[in-house]
There are 2 protein chains.
Amino acid sequence: MKDILYKYMSRWTSLTEEEQQVIMEQLHIEQFKKGTVLFRQGEVPTRCYFILKGCVRQYSIDEEGRETTSNFYTEEQAIAVFNHHKPERLSDYTFICIEDAVMVVGDLETEQDMYNKHPQLETMTRMMIEENLGQVQEEFAAFIASSPEERFKTLQHRRPLLIDRVPQHQLASYLGITPESLSRIKKRIHQAPR
Amino acid sequence: MKDILYKYMSRWTSLTEEEQQVIMEQLHIEQFKKGTVLFRQGEVPTRCYFILKGCVRQYSIDEEGRETTSNFYTEEQAIAVFNHHKPERLSDYTFICIEDAVMVVGDLETEQDMYNKHPQLETMTRMMIEENLGQVQEEFAAFIASSPEERFKTLQHRRPLLIDRVPQHQLASYLGITPESLSRIKKRIHQAPR
DNA sequence: CTCGTGTCTTAACTTAAGTCAATGCACGTA
DNA sequence: TACGTGCATTGACTTAAGTTAAGACACGAG
């Protein structure tokens, strides 16, 4: 399992084997059962995560009680809430494992210490976040520019496995549509392929 | 003009006056006329920007020739394209000044040098990007969960000045709707306020 | 001044997504 | 086994956004 992480670190840094070893020893890998909540909307997150295996859903419930899924995280994706700007840094979202999962767990308390000890780690983190930001901006731009049907097709193309991995009503909410519409879109696409 | 930047740096770092001075001397502030293109879709960006004054529109043109506005950047916002993951790191977007502008210009070539010389600068950059990522994720989540009309109201609330600052058809494309729909939405809202 | 261009608005019509309601199915439990 | 629950699908109807086309206005160039 750790080799996924090694591969990932090598891709982003020029750390030696030993340096990687040292860092790895301070990391903490944990198993999670399906249904486990990482942290809840309204709580202050104290940890961040990097998924080695499994799937996590991010959602929130608005004032009217409606539930919106804003993301699904899978293998090699990082989960962290950045809300330095919020007065009370409470999370707007709940994160829940919708499959059994294995993750690297980072403690936000000791984050800056780690960076001070291993400056390369801060560079790696910065680059990961930059990449992350780039991807989110790209997804956002694509989302803005497309209709619900196009959004579904894009997802089908970019994350084909996800569609069967998660409940359809959650997928619908992630696409910004109702479950009924998603059902009709799938029907339309199957009837008239191409 | 530079005081905006001082204020900003103080908010994010614990650099001394002198340290700030040193960094500032290496920064480069530039003026731009309305209509200036910072870089074009298909080009490799070599610089990044931080807006002190003015407004920049980010857009792209897809295969079918349709133009989509994916963002408007104004005072105290940073412009940078992160596409480490792309093979050819070409920008998907064009960035154009839609007002006369003043910006801090950063050279991407010397970025890592700067960080090595001033580790605090890397920390500041990381935190800025983290905050940026947090905001984009938040906006994205809100966008997914709302109808075109709600999206317009949210924008009216969060960036009221923007609505009069930019052409309506570009604003419509930024909201993911047609100019006609935007026109109708505004009419609806004015007729039945509240 | 006039013409052309770009921008915003309005109208008539089409289409797709939302809403509400019913059905069928899978699954876990009494 | 029978029942209840949650989920996906389907149908009928409503509504809002897309499409196409036309008109009004501002502005700059010739």
Side-chain angles (χ1 to χ4, degrees), chain A residues 33-35 55 57 59 61-62 64-69 72 94 96-100 142-156 161-194, chain B residues 33-35 37 55 57 59 61-62 64-69 72 94 96-100 142-156 162-194:
Chain A
K33 281 249 163 281
K34 175 174 173 173
C55 184
R57 177 170 77 109
Y59 70 94
I61 299 184
D62 68 15
E64 283 98 34
R66 277 184 312 237
E67 186 179 302
T68 316
T69 299
F72 293 101
T94 297
I96 187 171
C97 303
I98 59 173
E99 293 176 1
D100 288 352
F143 193 96
I144 291 178
S146 26
S147 64
E149 179 165 340
E150 289 166 334
R151 260 136 50 188
F152 177 75
K153 283 181 181 161
T154 305
L155 190 66
Q156 219 174 18
L161 302 173
L162 197 62
I163 294 172
D164 301 314
R165 226 165 144 177
V166 309
Q168 297 301 292
H169 68 281
Q170 289 173 10
L171 193 68
S173 127
Y174 175 52
L175 289 170
I177 59 178
T178 59
E180 294 92 333
S181 287
L182 176 56
S183 193
R184 283 191 286 250
I185 287 172
K186 288 196 294 183
K187 199 174 165 190
R188 240 172 15 230
I189 291 176
H190 281 113
Q191 281 178 359
R194 285 278 70 234
Chain B
K33 281 250 164 279
K34 175 175 172 171
V37 171
C55 183
R57 176 169 77 109
Y59 70 95
I61 299 183
D62 68 16
E64 282 99 35
R66 277 185 311 237
E67 186 179 303
T68 316
T69 299
F72 293 102
T94 298
I96 187 170
C97 302
I98 60 173
E99 295 175 0
D100 289 352
F143 193 95
I144 290 177
S146 24
S147 64
E149 179 165 338
E150 289 166 333
R151 260 136 50 189
F152 177 74
K153 284 181 181 163
T154 304
L155 190 67
Q156 219 175 16
L162 197 63
I163 293 172
D164 301 314
R165 226 164 143 177
V166 309
Q168 298 301 293
H169 67 282
Q170 289 172 11
L171 193 67
S173 126
Y174 174 52
L175 290 170
I177 58 179
T178 60
E180 293 89 338
S181 285
L182 176 57
S183 195
R184 281 190 289 247
I185 287 172
K186 287 196 293 182
K187 199 176 166 189
R188 237 167 23 224
I189 291 176
H190 281 114
Q191 281 177 358
R194 286 277 74 233

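Letters A, B, ... are given to chains in the order of the sequence lines, protein chains preceding strands, and every chain is numbered from 1.
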Rounded to whole angstrom units, what separation is found between the [atom1] atom of [X] and the [atom2] atom of [N]?
{"X": "Ile185(A)", "N": "dA8(D)", "atom1": "CD1", "atom2": "P", "answer": "15 Å"}
{"X": "Ile144(B)", "N": "dG18(C)", "atom1": "CD1", "atom2": "P", "answer": "13 Å"}
{"X": "Glu150(A)", "N": "dG18(D)", "atom1": "CD", "atom2": "P", "answer": "11 Å"}
{"X": "His190(B)", "N": "dT10(C)", "atom1": "NE2", "atom2": "P", "answer": "12 Å"}
{"X": "Ile98(B)", "N": "dT7(C)", "atom1": "CD1", "atom2": "C1'", "answer": "15 Å"}
{"X": "Leu182(B)", "N": "dC8(C)", "atom1": "CG", "atom2": "P", "answer": "9 Å"}
{"X": "Asp164(A)", "N": "dA8(D)", "atom1": "CG", "atom2": "C1'", "answer": "14 Å"}
{"X": "Leu175(B)", "N": "dC8(C)", "atom1": "CG", "atom2": "P", "answer": "13 Å"}

Kindly indicate whether the side chain of [X], heavy atoms from C-beta on, has any atom under 4.5 Å from the side chain of [Y].
{"X": "Leu171(B)", "Y": "Gln168(B)", "value": "yes"}
{"X": "Gln170(A)", "Y": "Ser173(A)", "value": "no"}
{"X": "Ile189(A)", "Y": "Phe152(A)", "value": "yes"}
{"X": "Ile177(B)", "Y": "Ile185(B)", "value": "yes"}

At a cut-off of 3.5 Å, list every protein nitrogen or oxygen paired with a nitrogen or oxygen from nucleotides 10-16 of chain D, distance to 0.1 Å.
unit_1: dA12(D); atom_1: N6; unit_2: Arg184(A); atom_2: NH1; d: 3.4

Do NZ/NE/NH1/NH2 and the carboxylate oxygens of Lys153(A) and Glu149(A) come within less than 4.0 Å? yes

Under 4.0 angstrom between Lys186(B) side-chain N/O and dT9(C) OP1 or OP2: yes

His169(B) side-chain N/O to dC8(C) phosphate OP1/OP2 under 4.0 Å: yes

Please name the residue in the list Lys33(B), Arg165(B), Arg57(B), Lys34(B) that meets the side chain to side chain donor-acceptor pair (under 3.5 Å) test with Glu99(B). Arg165(B)

